[in-house]
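Scroll down for the structure; my scribbles are underneath it.
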Amino acid sequence: MPPAPRVRFAPSPTGFLHVGSGHSALANWLFARQSGGELLLRIEDTDAERNRPELVDNVLEMLEWLGLTWDGEPVYQSQRGDLYRDAAAKLVAGGHAYYCDCTAEQVQARAKERGGKPGYDGHCRDRGLEPGPGRALRFRVPESGATGWVDLIRGDVAFEHANIEDFVVLRSSGAPMFLLANAVDDADMGITHVIRGEDHLNSTPKYLLLLQALGIAPPGAFAHMPLLVNEQRKKLSKRRDDVSMADYRDRGYLPEAMVNYLALLGWGPPDGVEVRPIPELVELYRLEDVNPSPAFFDLKKLSYVNAEKIRALSPEAFRARAGAHLAAQGVDPAVLSEASAALASLTTEVQERVRTLGDVQPMIEFLYVDEPTMDDASWQKAIVKGKAVVEMLDATIAGLEALGPDHWQPEPIRGAIEAAAVTAGHVSADGTAQLSKAQGPVRVAVTGRSVGPPLFESLAVLGRDRTLARLRSTRRRLG
RNA sequence: GCCCCCAUCGUCCAGCGGCCUAGGACGCCUCCCUUUCAAGGAGGUAACACGGGUUCGAAUCCCGUUGGGGGUGCCA
């Protein structure tokens with residue numbers, strides 16, 4: 001029986017976790033959970049200059065938020081220097097690496113002189129330099145032959161050694177480089193499947209060469225995931241694209257929606273059912289079926305998936321999530337309890353209308369603020385450009401005033417507004433009330449917006465006094 | 001420049017030599033339902049990059065072209 005698969009997610013704490021890394025992390029997680037294997041976490045913080053420890057917290061927090069649980073404690077490369085130095089010493093002893101005192105400038109200058117191809121020219125290969133200050137350790141890439149592997153996603157991939165330069169494995173400071181640490185750690189941690197982004201494809205032969213020189217068997221399989229790209233078909237980047245995972249959380253996207261959507265990028269379930277519970281994704285996901293082409297991160301579809309996930313929630317769960325989101329947004333506790341009460345009274349009406357949890361607050365705000373914020377476009381549309389607005393408001397006020405507090409329920413309110421519509425002339429051919437047009441001014445006067453939850457229910461929840469006050473206030477504004 | 005990867009509707013995915021006058025999903029459009037907006041229902045729009053092979057037969061296999069992307073750091 002082959003050993004249980006063991007995979008790893010190895011982020012570098014040089015930025016917030018973004019959706020592209022999340023995509024790779026997810027592939028690892030799905031594979032681990034489905035195969036009964038393990039997912040290890042390794043923080044690749046060998047670059048002391050760019051490394052920002054506080055970002056590790058963000059990465060871990062986001063993985064937890066997404067539900068991408070890992071096994072064991074995270075491993076920090078910054079604490080494993082000895083391992084890499086030992087490996088480097090082995091390389092030197094075996095004649096697989098040599099010291100080099102060329103500066104970046106010198107390397108570049110010579111490349112320019114040579115014309116054409118940039119990169120290191122092997123200048124110090126046979127100089128027999130001893131270790132010392134200003135001297136980096138370079139790997140001696142074989143002059144002929146090629147190194148390749150069978151990629152689970154891409155099939156056969158191979159690189160000729162002639163095209164691989166002698167790369168640095170130890171900086172002149174003695175600090176290990178990514179390639180060395182990465183390969184040594186994967187071996188040390190017993191990684192069986194290396195699942196990562198396509199941006200690592202070109203470094204894989206170096207990784208393999210390193211292990212071979214070290215006399216270590218390579219991982220059983222590699223899978224290079226398609227890159228996530230923007231509308232310009234460029235790799236998603238922190239600078240120009242909206243990629244911070246935390247931002248999506250803060251805007252009210254559900255973790256299960258993000259996970260579900262990310263799984264759909266580069267892969268599709270065999271039965272075509274795209275939005276489904278995470279356990280089903282775990283069961284169905286196949287690395288072998290992942291599409292090698294880059295995939296566009298489409299906010300519209302994410303949004304759709306999110307709306308589906310929100311509607312799939314029980315009303316109680318929806319309320320809890322929306323409340324938690326409001327709280328996380330730093331809403332004042334007093335306001336929060338009012339908002340929660342407001343939401344409780346219109347839960348399903350709101351739930352089926354929002355696409356993100358961030359949409360909840362604007363939809364129910366009119367229920368607990370003293371004066372609803374008036375949306376200019378709505379005012380223009382329903383009040384300024386509406387027909388028989390004054391008549392409609394007057395008739396509605398009169399009709400609702402006639403409604404006693406005991407009858408302040410959706411149906412009686414509907415009756416009053418329908419009657420007002422008829423009075424104001426909003427009738428269809430058969431003489432019955434035409435609510436589609438008539439309700440506009442009332443809705444805007446009371447809620448400040450032309451869209452929102454169903455009107456009669458909203459007014460019932462708002463209460464008689466506040467409803468009438470707002471209607472009168474708007475009526476006064478019209479002179 | 002060089003190396004590598006990729007190439008089906010606007011987007012994501014299906015298709016793994018005949019079931020394809022290419023299917024599903026998002027988006028967009030139309031209509032229905034309807035108290036706004038959603039949701040829901042019924043339709044519609046829209047693609048095999050190009051050129052050569054192989055084969056009785058190609059979206060599917062091979063080669064080339066073109067296009068796109070990634071890498072090319074003493075970053076990861």
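Residue numbering restarts at 1 for every chain, and letters A, B, ... go by the order of the sequence lines.
- Using a 4.0 Å heavy-atom criterion, one finds that Gly266(A) contacts the sugar-phosphate atoms exclusively.
- Between the Asn260(A) side chain and the Glu256(A) main chain, no donor and acceptor come within less than 3.5 Å of each other.
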Subject >> B/S/- contact track for nucleotides 18-35 of chain B, protein heavy atom under 4.0 Å >> reply: ------BBSS-------B
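- Between Arg353(A) and Asp359(A), no side-chain nitrogen of the basic residue sits less than 4.0 Å from a carboxylate oxygen of the acidic one, so the salt-bridge criterion is not met.
- Both geometric conditions, a ring-centre gap below 5.5 Å and a plane tilt below 30°, are fulfilled for His200(A) over the base of A76(B).
- A close approach under 4.0 Å does occur between a side-chain nitrogen or oxygen of Arg233(A) and OP1 or OP2 of C12(B).
- Straight-line distance between the P atoms of C33(B) and G41(B): roughly 16 Å, to the nearest whole Å.
- The aromatic rings of Phe297(A) and Tyr261(A) stand perpendicular to each other, their planes meeting at an angle above 60°, with 30° marking the opposite boundary.
- Within 6.0 Å of the CD atom in Glu143(A), the count of heavy atoms belonging to other residues, nucleotides or ligands does not exceed 12.
- Look at Thr14(A) and you won't find any side-chain N or O under 4.0 angstrom from OP1 or OP2 of A76(B).
- Within the 4.0 Å cut-off from OP1 or OP2 of G69(B), at least one side-chain nitrogen or oxygen of Lys234(A) is found.
- The phosphate of C2(B) (OP1 or OP2) has no side-chain N or O of Asn202(A) nearer than 4.0 angstrom.
- Using a 4.0 Å heavy-atom cutoff across all strands shown, Ala104(A) reaches no nucleic acid atom at all.
- Put simply, Arg138(A) has a side-chain N or O that comes within less than 4.0 Å of OP1 or OP2 on C74(B).
- The shortest side-chain heavy-atom distance between Pro142(A) and Leu209(A) falls under the 4.5 Å cut-off.
- Straight-line distance between the C1' atoms of U34(B) and A42(B): roughly 16 Å, to the nearest whole Å.
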